[in-house]
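Working notes for the structure below.
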Amino acid sequence: MARAAREDVTVAIAAAGVERARDAWRVVREVTEAQPVYGRTTGVGANRVVDVEWEDSDAHGLRLLRSHAAGAGPLVAPEIVRAMLAVRLNQIAAGGSGVEPGVLQALADVLNLGLLPPVPVYGAIGTGDLTALASTALCLLGERAWLPGPDGGPERGPGYRLRSADALAFISSNAATLGEAALAVADLRAALRASTVVAALSHFAVRGSEEPFAQPVQDACPHPGQQQAAAAMRGLLAFDRTPPMRIQDPYGYRAFPQVHGPALEAAGYAEQVVTREINAASENPLVDVPGRTVWHNGNFHTAYVGLALDAARAALFQTMALAAARLGTLAEPSFTGLYPFQGETEASSGIMILEYVAHSCLADVRRLATPAALGSAVLSRGVEEHAGFSTQSARATTDAVAAYRLGLGCELVAAVRALRMQGRAPSGGPLRSAWDMAGAVLDPRIEDRPLDADIAAAADLLPHLDRLHP
């Protein structure tokens, strides 16, 4: 999903996906002729008890799309819209929606042509991205314009006559929420891997003890994430056996596996949940091709996604707090052997401001760690009486990861500067590669000067450091 959303790739549809979609389309038409089907022969929400008259059926779906394409606020980022389109394409190919299979190629064409429907930020609460997908459907129908292209002119895209009966089936999805969740989880896991490399550079700069990462220590309390974090630190520090300066280091170093490990596990679980969801047939009603029936159900509810992302953000705050603590040690002469704040002179401010920036980022991560799942809602005359707010959880995770990157960038700037001023560098392995990459983009000057460009360069480097994680 991240590649489809961000890279110049061509999206193709597997023949098996087209066949699954076609089978579901045929079955749902048979079932609709024999029994009521929500959204096809009835209204939606509280109007589920209202039958759609046969002579009005062609207009019913179009009214549904027009009435639901009513989001508000600024538009979401283009990459999230592309992720939404890719998720919905994949879901329909799973064969549970019953939408006419021609829509698969239409969505693929939209992605491959770089077209974007307008999708406002506000409009979903984790029980269906109805506003976003209704807007997309109206673009396919030609009723709503695609967003202007690079030249500012209106974009013209592939027209697709979405059948009125398929209107609810097309929009019955959390594709926008899941698309953003997929991007956020991919970025979160990359940032966490990069942060281990940054922590190892800081550890090397303060001549920390490697005892906390020893295998017997991890075997004594064998949490998988903790063991993974400790093993990565051992691998990164293996080329330099620097004698420790202290018998015992602060928590930022000593408790790194125990705090970073839960974040690794939480991010891994979130990836499992999101992966399962984006490959699932989660529509309501769900078309059962082997059983030749439909099931009215609650698979559209994304409580799993919201709760997994909520947990990941809480764990992210904990490990970022350790990064801020390590940054504090890098400003201390007793840890670096340098002037306070790594100043050029004893009275220089050096990296003093980096702590303020990092704690500003940390404050946002803490604010965004508030569980979105603590909210709920009663809607549509009381018949839809719960919401998990996974949409808000995905958005909060996107923002939290962005703040985390900047805060971690502050630590990277400080660690590299300390080693430069000490005249030291890792001797080999992935940590030396990280040092070389950082040295190529970070300004070596140590006189007091604005450090905003350094922070931005360090944050931009993190995805590359992710690849050096053992």
Side-chain angles (χ1 to χ4, degrees), residues 185-215 217-218 221-240 242 249-271 312 315-327 329-330 358 361-362 365 400-401 403-416 418-419 426 428-438 458-470:
V185 168
D187 291 345
L188 173 61
R189 298 204 75 184
L192 290 174
R193 289 190 295 266
S195 65
T196 305
V197 179
V198 175
L201 282 171
S202 297
H203 185 280
F204 185 65
V206 302
R207 297 176 173 86
S209 171
E210 295 182 39
E211 284 186 36
F213 315 130
Q215 191 63 56
V217 175
Q218 310 313 314
C221 192
H223 293 293
Q226 174 181 328
Q227 292 205 330
Q228 181 183 346
M233 288 294 280
R234 288 197 305 271
L236 288 164
L237 298 169
F239 286 79
D240 296 277
T242 306
D249 290 315
Y251 287 4
Y253 304 97
R254 180 160 40 113
F256 178 78
Q258 292 78 11
V259 177
H260 199 66
L264 295 175
E265 290 191 41
Y269 175 66
E271 183 174 291
L316 182 68
F317 167 74
Q318 293 290 328
T319 197
M320 186 177 178
L322 277 198
R326 290 191 300 271
L327 178 58
T329 65
L330 292 168
C361 295
L362 181 62
V365 174
V401 172
Y404 180 76
R405 279 177 174 159
L406 293 172
L408 192 62
C410 293
E411 182 187 358
L412 178 58
V413 170
V416 170
L419 289 170
L431 201 61
R432 177 59 192 235
S433 297
W435 162 259
D436 290 340
M437 292 168 66
D460 288 344
L461 183 63
L462 294 177
H464 302 283
L465 297 187
D466 153 45
R467 300 168 195 152
L468 302 176
H469 186 277

Who are the side chain to side chain donor-acceptor pair (under 3.5 Å) partners of [X], not counting sequence neighbours?
| X | value |
| --- | --- |
| Arg467 | His464 |
| His223 | none |
| Gln218 | Gln226 |
| Gln318 | none |

By ring pair (Phe, Tyr, Trp, His ring centres under 6.0 Å) - contacts of Phe256 (at least two apart) =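 Residues passing ring pair (Phe, Tyr, Trp, His ring centres under 6.0 Å) with Phe256: His260.
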Kindly write out the residues that satisfy ring pair (Phe, Tyr, Trp, His ring centres under 6.0 Å) with Phe213, not counting sequence neighbours, or none if the list is empty.
->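 Partners of Phe213 under the ring pair (Phe, Tyr, Trp, His ring centres under 6.0 Å) test: His203.
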Listed by chain and number, what are the side chain to side chain contact (heavy atoms under 4.5 Å, CB included) partners of Ala414, not counting sequence neighbours?
->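 Applying side chain to side chain contact (heavy atoms under 4.5 Å, CB included) to Ala414 gives Leu327, Leu330, Gln342, Ile351, Leu354.
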Set of residues satisfying salt bridge (charged side-chain N to carboxylate O under 4.0 Å, His left out) with respect to [X], sequence neighbours excluded:
| X | answer |
| --- | --- |
| Asp460 | none |
| Arg234 | none |
| Arg432 | Asp436 |
| Asp466 | Arg193 |

Give every residue pair that meets the side-chain hydrogen bond (donor to acceptor under 3.5 Å, both in side chains) criterion with at least one member in residues 204-213, sequence neighbours excluded.
->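 Residue pairs passing side-chain hydrogen bond (donor to acceptor under 3.5 Å, both in side chains), neighbours aside: Glu210-Arg241.
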Leu408, Leu264, Val401 screened by side chain to side chain contact (heavy atoms under 4.5 Å, CB included) with Leu192, the one that passes =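 Per the side chain to side chain contact (heavy atoms under 4.5 Å, CB included) rule, the option paired with Leu192 is Leu264, out of Leu408, Leu264, Val401.
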Under 3.5 Å, is there a donor-acceptor pair between the side chain of Arg405 and the main chain of Ala459?
->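 Answer holds: no.
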Could you state the interatomic distance from [atom1] ([X]) to [atom2] ([Y]), rounded to the nearest 0.5 Å?
| X | Y | atom1 | atom2 | answer |
| --- | --- | --- | --- | --- |
| Gln228 | Thr196 | CD | OG1 | 8.0 Å |
| Leu236 | Leu468 | CG | CG | 8.5 Å |
| Ser202 | Leu419 | OG | CG | 8.5 Å |

